[in-house]
Amino acid sequence: MAERAYWDPVPMLATAEGAPFGKNPLGTLTVLPTMREIFRGTWEMRNWRNVPGPFYGADTDTCWTGRMDAPDLVLYDDEYGTEFLFRQPTDPAEVYRLLLAATSDPFGGYAADGDEHWTTAAVREWWRNRERLLEWIQRARGTWHESPHADHRELLGGLAAFERHIEHGLEGYLRRYSFWLDHRRPRRPGETLPDL
């Protein structure tokens, strides 16, 4: 089976502005605002748990809304409840769900400029520190497992998904993403992906 190529989700943002995404309480169709209005987070405020890629959660709200729209991409930290991406979108449907999650954040704390900041060296450094993430997952699992609130316990599934992603699949994604960062195109047959 051929290895997957890196899919760049950022060009999809240009076509998403103005796309319908639901109805307001009066029943009127609402549309996605501009990407500048949605993505106002800054690199300096990003959550360290964000998986490398173009999107990340920075100074988001603590209202626990991101998983309602993108449970396959978003988790909350256990210190403040801020949102971060444990998986980057890999197809248009996932980008759309991420846009819904980002639109629900009243702080505008999501960002889409990760490609301007990540380097292959920075991705390697992040990957080398994955044990810190796995330790955090274990601590968070204990915190949420004891909670009497259903929405807290729902996070257990997200934590398990994050752990599976770290152990199976994330390294390949990061190698493909690193190649893309270096060349701004997917790997061609016969080209070697960078090691982590």
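Sequential numbering from 1 along the given sequence is applied to the chain's residues. The basis for the numbers below is simple: all heavy atoms, side chains too, and nothing from hydrogens, waters or symmetry mates. All values derive from a computational prediction rather than experimental measurement.
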Check your understanding: Do Glu83 and Tyr110 touch side chain to side chain, with heavy atoms closer than 4.5 Å?
Key -> yes
Exercise for review: Measure from the side-chain N and O atoms of Gln88 to the backbone N and O of Val51, and report whether any donor-acceptor pair falls under 3.5 Å.
Suggested key: yes
Check your understanding: Is the closest side-chain heavy-atom distance between Glu154 and Arg67 below 4.5 Å?
Key -> yes
Review point. Does NE2 in His183 sit with more than 12 non-hydrogen atoms of other residues, nucleotides or ligands closer than 6.0 Å?
Key: yes
Exercise for review: Please check if Leu99 and Phe107 belong to a single hydrophobic cluster, counting links between Ile, Leu, Val, Met, Phe, Trp and Tyr side chain heavy atoms closer than 4.5 Å.
Suggested key: no
Review point. Do Glu17 and Leu32 come close enough that some side-chain heavy atom pair is under 4.5 Å?
Key: no
Review point. Do the side-chain N and O atoms of Asp115 and Tyr177 include a donor-acceptor pair separated by under 3.5 angstrom?
Key: yes
**Study point:** Phe84/Tyr76 aromatic ring centres below 6.0 Å
**Key:** no
Point to revise | Donor-acceptor contact present, side-chain Arg176 to main-chain Gly172, <3.5 Å | key: yes
Review point. Among the clusters formed by ILVMFWY side chains lying less than 4.5 Å apart, do Met68 and Phe162 turn up in the same one?
Key: no
Check your understanding: Are Arg46 and Trp43 in a cation-pi setup, meaning NZ or CZ lies under 6.0 angstrom from the ring centre and within 45 degrees of the ring axis?
Key -> yes
Revision key, fill the gap. Heavy atoms of His117 and Asp113 approach each other most closely as CD2-O, 3.1 Å
Practice item. Step through the shown structure and confirm whether more than 12 heavy atoms of other residues, nucleotides or ligands are within 6.0 Å of CZ on Arg36. Key: no
Review point. Among all residues two or more places apart in sequence or in another chain, which pass the side-chain contact (heavy atoms from CB on, under 4.5 Å) test with His168?
Key: none
Exercise for review: May I ask you to check if Arg132 and Trp48 form a cation-pi contact, with NZ or CZ under 6.0 angstrom from the six-membered ring centre and within 45° of the axis?
Suggested key: yes
Review point. Between the main-chain N or O of Pro194 and the side-chain N or O of Arg175, is there a donor-acceptor pair closer than 3.5 Å?
Key: yes
Point to revise | Those residues that, when tested against Thr42, pass side-chain contact (heavy atoms from CB on, under 4.5 Å) (two or more places apart) | key: Glu44, Met45
Practice item. Using distance alone, with no hydrogens and no angle criterion, decide if Asp69 and Ser104 have a side-chain donor and acceptor under 3.5 Å apart. Key: yes
Review point. Under 4.5 Å between any side-chain heavy atoms of Arg185 and Phe179, yes or no?
Key: yes
Check your understanding: Would you find a donor on one side and an acceptor on the other, under 3.5 Å apart, between the side chain of Asp105 and the backbone of Thr60?
Key -> no
**Study point:** Within-4.5 Å side-chain heavy-atom neighbours: Leu13 and Ile38
**Key:** no
Point to revise | Ring centroid separation Trp64 to Trp144 under 6.0 Å | key: yes
**Study point:** Close side-chain approach of Leu98 to Phe55, heavy-atom, < 4.5 Å
**Key:** yes
Practice item. Establish, yes or no, whether the cationic atom of Arg49 lies under 6.0 Å from the six-membered ring centre of Trp136 and within 45° of the ring axis. Key: yes
Point to revise | Sub-4.5 Å side-chain heavy-atom contact between Asp8 and Trp180 | key: yes
Point to revise | Any residue meeting side-chain contact (heavy atoms from CB on, under 4.5 Å) with Glu131, in chain and number order, not counting sequence neighbours | key: Leu134
Check your understanding: Has the side chain of Thr143 got a donor or acceptor atom that lies under 3.5 Å from a matching backbone atom of Arg139?
Key -> yes
Review point. Does Leu133 reach the side chain of Trp126, with side-chain heavy atoms less than 4.5 Å apart?
Key: yes
Exercise for review: Verify whether one side chain among Glu163 and Gln138 offers a donor that lies under 3.5 Å from an acceptor in the other.
Suggested key: yes
